[in-house]
Amino acid sequence: MFRIFNAIATCIDRFTHYSGRIVAWLTLAVMGLTCSVVVMRYYLQTGSIALQESVNYLHASVFMLAIAYTLQRGGHVRVDIFYRNLSRTGQAWIDTLGGLLFLLPLCGVMLWLNWDYVVNSWTVKEVSSESSGLPWVYLLKTLMLIMPVTLLLQGIAETIKNISIIVANSTADNSPTDTRG
């Protein structure tokens, strides 16, 4: 049974890893566009609302699409006053309980609260309030649904991995010891 769950966790991990690596390249695009906006504004005395909004879109995309990758890599903020001194099994217990009690429900709440907001944006094909802005606000708002889905998937993978650690260590602790001398 655990093989199936571990296979699922491995597939999710693989997806998160590759999508995170791809999204990381967007930071290069953000940097290039930001430099272009600065050069245009201060050296060419011109500007582009669409270019500035592109920077904002990409910046939001990086953070919202890389959140699952950050979780996978252990990059989220953690108060580890006690955590760092615990055994790997103790850490797995805390991570499992945190995932089940906080992370996974939070992802569900984010999906529930954002659903109508995003659907309404798609319904009217929401565009920028600026006349020369980008016409794809509804696509940007879609990230508000993609983010909790990817975070939920990675949260499930992390929970599976932590439960596997707990089970493996409890099985090892309960295994008979060799009493032959």
Over all heavy atoms of both residues, which pair between Y69 and H17 is shortest? Give the atoms and the distance, please.
->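 Y69 and H17 have their closest heavy atoms at CE1-O, 3.8 Å.
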Non-hydrogen atoms of L101 and P105 that approach each other most closely
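Here L101 and P105 meet closest at O-CG, 3.5 Å.
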Worksheet item: Under a 4.5 Å cut-off applied to non-hydrogen side-chain atoms, are K161 and D13 in contact?
Response: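 Result yes, sub-4.5 Å side-chain heavy-atom pair found.
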Donor on one side chain, acceptor on other, [X] and [Y], under 3.5 Å:
{"X": "T89", "Y": "N169", "answer": "yes"}
{"X": "S128", "Y": "W136", "answer": "no"}
{"X": "Q72", "Y": "T16", "answer": "no"}

Quick test of your reading: applying ring pair (Phe, Tyr, Trp, His ring centres under 6.0 Å), list the pairs with at least one residue in residues 37-58, sequence neighbours left out, ordered by first then second residue.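 Listed once each, the pairs would be none.
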Might you work through the side chain to side chain contact (heavy atoms under 4.5 Å, CB included) test for L71 and L103, ending with a clear yes or no? CA-CA 11 Å; L71 176 64; L103 178 63; 3.6 Å; yes
Quick check against the 3.5 Å criterion: does T142 have a side-chain atom that pairs as donor or acceptor with the backbone of Y138?
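Here the side-chain-to-backbone pair exists.
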Can you name the salt bridge (Lys or Arg N to Asp or Glu O under 4.0 Å) partners of E126, sequence neighbours left out?
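With neighbours one apart ignored, the set is K141.
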Test side chain to side chain contact (heavy atoms under 4.5 Å, CB included) on R3 and I8 and set out the steps.
CA-CA 9 Å; R3 284 185 182 180; I8 290 168; over 6 Å; no
### Task
Carefully, step by step, assess W122 and L139 under the rule side chain to side chain contact (heavy atoms under 4.5 Å, CB included).
CA-CA 8 Å; W122 271 85; L139 291 175; 3.5 Å; yes
